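Values below: every heavy atom of this structure, side chains too, minus hydrogens, waters and symmetry copies. Just so it is clear, the structure is predicted and the values come from calculations on it, not from any experiment.
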2 protein chains.
Amino acid sequence: MAKIIASKNGTKKDAIIQKAATLFREKGFVASSMRELADKIGVEASSLYNHIGSKSELLQSICYKIANDFTIHLNEVETQKGRTAEKLEQIIRFHIHMMLHHYDELFVANHEWKQLQEPYLSNFLNQRKSYESKLVAIVKTGIECKEIKKINPHVVVLTLLSAVRGLEFWQRHKKNMDTKDIESDMVQHLLNGIIK
Amino acid sequence: MAKIIASKNGTKKDAIIQKAATLFREKGFVASSMRELADKIGVEASSLYNHIGSKSELLQSICYKIANDFTIHLNEVETQKGRTAEKLEQIIRFHIHMMLHHYDELFVANHEWKQLQEPYLSNFLNQRKSYESKLVAIVKTGIECKEIKKINPHVVVLTLLSAVRGLEFWQRHKKNMDTKDIESDMVQHLLNGIIK
DNA sequence: AGATAAAACTAATAAGTGTTAGTTTTACTA
DNA sequence: TAGTAAAACTAACACTTATTAGTTTTATCT
C-alpha cells in the first residue's frame, strides 16, 4: 500500500539501508527479520526485493560504507605534515564525528561484521587490519620523534580505538552532556592522561 | 551415543554452558542453534534438555555469572582504604584478568546481553548501571582529593571501561605479546597518558 | 485515454528453529 | 541378575525464516 519514500539525496535503496541499519543496531542482524524491516517501512517483505538483492547485501552495504569512510579519512591525515599528537587528535575527533552522525551504521559495522559472508568478511577484516597498521605506524613515528612516551604502539592503538568505540554508550547520556566537552575531555584523557 | 562429560569441578550443565559460551562468542547467540551446540558436544539436540531448561537460560547463566564476578570484586575494592589511582589500577587489572581467563563468557556478556529476555534484561542493565555509578564515585573522590585531573568523571569511566573492553582484541596477538607488558603499558597509558 | 514501467501485492516454497513426547539405551545398585 | 534412574535416542510439532513466482496496482509519459 504505502510506497517506500526515497530520502532527499538518495535512492529508495538507500532509504531501506538506513532503516535496516537502525533495525540491525536495535536487535542485531540475525534477530532482525525482513518482515520486521518491511513493517517499519510500511510495506510487505517481498516488496523490498524490488529494490535490494538480499538481506546479506544490506549488511554488506552498511559495513563497506563505514570501512571506506574511515579509510579515506586516514589517507588524508597520512599525507599531512605535522605533529603526531595533532594527527591522533584529528583521528580521534573523526571517530567521534562518525559516532555522532552515522551512529546506526557504525554500530552495525562494529557489532555485526561477523555475520558477513565470504568473501566480504575477509575483505572487511583486511581493510580493518590495514587501518590499524597505519595507525601503529603513526604512533611509532611519534615515539621515534620522542614526541610520545615509549609504550608498545600496538597497545596505544588498541587503547585509542577501544576508547573511541566506547563512545557509542553516549547515546544514553546524550541529552545531559555537551558534545564538545566530552570530546575534549576524552582527547585530554587519552593524550595527556588523567593523573596530575 | 557419546555422553556429556562434566568438567572437573562442575556439573554437566556447567559443561554445556561453557561450550555454549564458546559457540555464542564465535557465531553470536541468535545465529547459534541448539543442534549446532549439541553437535559440538557430540550429542543430539534434544538430549541437552535433560540438563538445561532452554536456550535463553544458557545466555542468562553466562551473563549473570560475569555480572556477579565484577560486582563482587568492585565491592571488595570499595571497602579498601588507599589512593584512587591504586583502586583504579586494581579494577583495570581485574578486567584484564577476566578477559584472559573468562574470555568466552565475558565476550558473550558484553555482546549478546541484548538478546536477554525480560526481566533478565532489565536486571542485567541495572547491575551494570550500578557498577558504573560506583566507578564514577571513585573517580569523583579522586578529583576531590586533587589526585586526578579535573575531567568529567563520567567520561573518565567511559574511557577506562571501553579501553579495557578492547582487550578482547588481544586474543589475536596473544602469542606475539607478553601479557604482563600489555597490562602495564595499558595501565600507564590510561593513568599517566601517552604524551611526555 | 492508452501504453509502459515501477513497485506494490498475495501465495507459496524449502529450510531451519526451539522444544516436547515417548522410547530405548546406559550405568549403577541391591 | 533384576531393577532403577539418568541420559541418551528418534520423531514430530508448530513456527519462523529468506526468498521467489506470478499478479495486480500505481504512477508517468505520449
Just the atom pairs and distances: protein N or O near nucleotides 15-19 of chain C's N or O, under 3.5 Å.
unit_1	atom_1	unit_2	atom_2	d
C:dG18	OP1	B:Ser32	O	3.3
C:dG18	OP1	B:Met34	N	3.3
C:dG18	OP1	B:Lys55	NZ	3.1
C:dG18	OP2	B:Met34	N	3.0
C:dG18	N7	B:Arg35	NH1	2.9
C:dG18	O6	B:Arg35	NH2	3.1
C:dT19	OP2	B:Tyr49	OH	2.5
C:dT19	OP2	B:Lys55	N	2.9
C:dT19	O5'	B:Tyr49	OH	3.3

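The interatomic distance linking B:Ile41 (CD1) with D:dA8 (C1') rounds to 13 Å, in whole Å. Taking atom CD1 of residue A:Ile52 and atom C1' of nucleotide C:dA7, one finds them 14 Å apart after rounding to whole Å. In this structure, B:Glu44 atom CD and C:dT25 atom P are separated by 15 Å, rounded to whole Å. Note: CD1 (A:Ile16) to C1' (C:dA7) measures 11 Å, nearest angstrom. For the pair B:Lys12 NZ and C:dT26 C1', the computed distance is 10 Å after rounding to whole Å. In this entry the distance linking CG of B:Leu48 with P of D:dA6 reads 18 Å, nearest Å.
Judged by the 6.0 Å and 45° rule, B:Lys55 forms a cation-pi pair with B:Phe29.
A donor and an acceptor atom sit less than 3.5 Å apart, one in the side chain of A:Asn50 and one in the base of C:dA8.
Contact check on A:Arg35 versus A:Asp39 returns no salt bridge, with no Lys/Arg side-chain nitrogen under 4.0 Å from an Asp/Glu carboxylate oxygen. A salt bridge links B:Arg93 with B:Glu89: at least one charged nitrogen is closer than 4.0 Å to a carboxylate oxygen. B:Lys13 and B:Glu57 are joined by a salt bridge, as a carboxylate oxygen and a charged side-chain nitrogen come within less than 4.0 angstrom of each other. Checked for salt-bridge contact, A:Arg25 and A:Glu105 miss the test: no charged N lies under 4.0 Å from a carboxylate O. Classification of B:Lys87 and B:Glu78 as a salt-bridged pair fails, no side-chain N sitting under 4.0 Å from a carboxylate O.
Proximity of B:His51 to the phosphate of D:dA6: no side-chain N or O atom is located under 4.0 Å from OP1 or OP2.
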